[in-house]
Amino acid sequence: MAATEIARQVGEGCRTVPLSGHVGFDSLPDQLVNKSVNHGFCFNILCVGETGLGKSTLMDTLFNTKFEGEPASHSQPGVQLKSGTYDLQESNVSLKLTIVGSVGFGDQINKEDSYKPIVEFIDAQFEAYLQEELKIKRVLHNFHDSRIHACLYFIAPTGHSLKSLDLVTMKKLDSKAHLPFAVIGSTEELKIGNKMMRARQYPWGTVQVENETHCDFVKLREMLIRVNMEDLREQTHTRHYELYRRCKLEEMGFKDTDPDSKPFSLQETYEAKRNEFLGELHKKEEEMRQMFVQRVKEKEAELKEAEKELHEKFDRLKKLHQDEKKKLEDKKKSLDDEINAFKQRKTAAELLQSQAQQAGGSQTLKRDKERKNNPWLCTE
């Protein structure tokens, strides 16, 4: 049977589904767009600058939104990074915007290390993403990516040369933003001609925010939001984060090739690092054991010395007690002897007194008897 006849017989009785449009892989970009729109986007901006330069005002102007925030004071003990995340919507596109501000930057007397919290914050966000990426069970599609995509450094419009703080900080941030802009931000609208425009009123005149002859706000907005936002996000991931990730993994001992330029086994690297870690662990354990034994010996020596001192003190107290007891016994014996001698003297005195009384009574009786026998005897 011919193939066409088989196809005709198979097709008989089957429902025919008409095509609703062109079918092809050229619809993949549309699928990616729909997927991205449904998932939403995130964008993280770091604003660095001294207090009072208008960082918050510029953010409000860029996104035409009044972001909530407390005004910063000039009495901060150090530089702190504070972030706020906002959900914005424009047409059918949602954006999770994170704005990070440097509170207290440039307010300290010693500004030598003011840049360190900023650089550490940027690296900390890279580290958080790397730790999530290194997990066995990753959830990067739901992970809040806090890596900084753009850093705006605000310079005070003094008209003089850059401060040492500006030079040092921008040099440290050189690998993380590069174009200078002179911008003015404002959320107030003034009537200029027949139109209401965002502008700033000064004693010497009015500066229009979106007038390119007055400031670079439009260029900054075009570069940051309308043209290069996705490029900045991509550069953050493919360039800056990849550089941080590579350096971090190399520090951990992971490499793509061995010294002979051969592919490096991740399992071998893991086993090598594991053995190295176990060796260091055993070494530290032995050191701690030796230290513990030494501390025990020292403690035993201290306890023996203390015990010896206690015994010596006990012996001294015991001897002192015996001496005091002997003195008391001797004093008691002396008092007993004195009491006995006193009793003997008392007894002798009482005996003499009794004898004297008896002798006196005998003489009186004798005189009375003589007076009775001789009536002519008179007494003096």
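Small disclaimer: the values here were computed from a predicted structure and weren't measured. Only this structure's heavy atoms are used, side chains among them; waters, hydrogens and symmetry mates stay out.
One finds a salt bridge joining Lys319 and Asp323 here, because a Lys/Arg side-chain nitrogen approaches an Asp/Glu carboxylate oxygen to under 4.0 Å. Under a 4.0 Å N-O distance rule, the pair Asp330/Lys326 qualifies as a salt bridge.
In this structure, Arg233 contributes its side chain and His149 its backbone to no donor-acceptor pair below 3.5 Å. Remark: side-chain polar atoms of Gln357 are not paired, donor with acceptor, to backbone N or O of Ala359 under 3.5 angstrom. Side chain of Glu132 to backbone of Ala128: no donor-acceptor contact under 3.5 angstrom is found. The backbone N or O of Thr61 sits less than 3.5 Å from a side-chain atom of Arg198, completing a donor-acceptor pair.
For the side chain to side chain donor-acceptor pair (under 3.5 Å) criterion with Asn44, the lone passing option out of Thr236, Asp145, Thr98, Thr85 is Thr98.
Both the sub-6.0 Å distance and the 45° axial angle are satisfied by Arg147 relative to the ring of Tyr241.
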Task: Test side chain to side chain donor-acceptor pair (under 3.5 Å) applied to Glu286 and Gln290, step by step - done: CA-CA 6 Å; Glu286 182 63 22; Gln290 294 293 339; 2.9 Å; yes
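Classified by interplanar angle (parallel below 30°, tilted 30° to 60°, perpendicular above 60°), the ring pair Phe67/Phe63 is perpendicular. Between Tyr244 and Phe126, the ring planes lie tilted relative to each other; the angle falls in the 30° to 60° range.
Lys318 is listed as a side-chain neighbour of Phe314, based on a closest heavy-atom distance under 4.5 Å.
Here Leu95 contributes atom CG and Glu90 contributes atom CD; the two are 9.0 Å apart, rounded to the nearest 0.5 Å.
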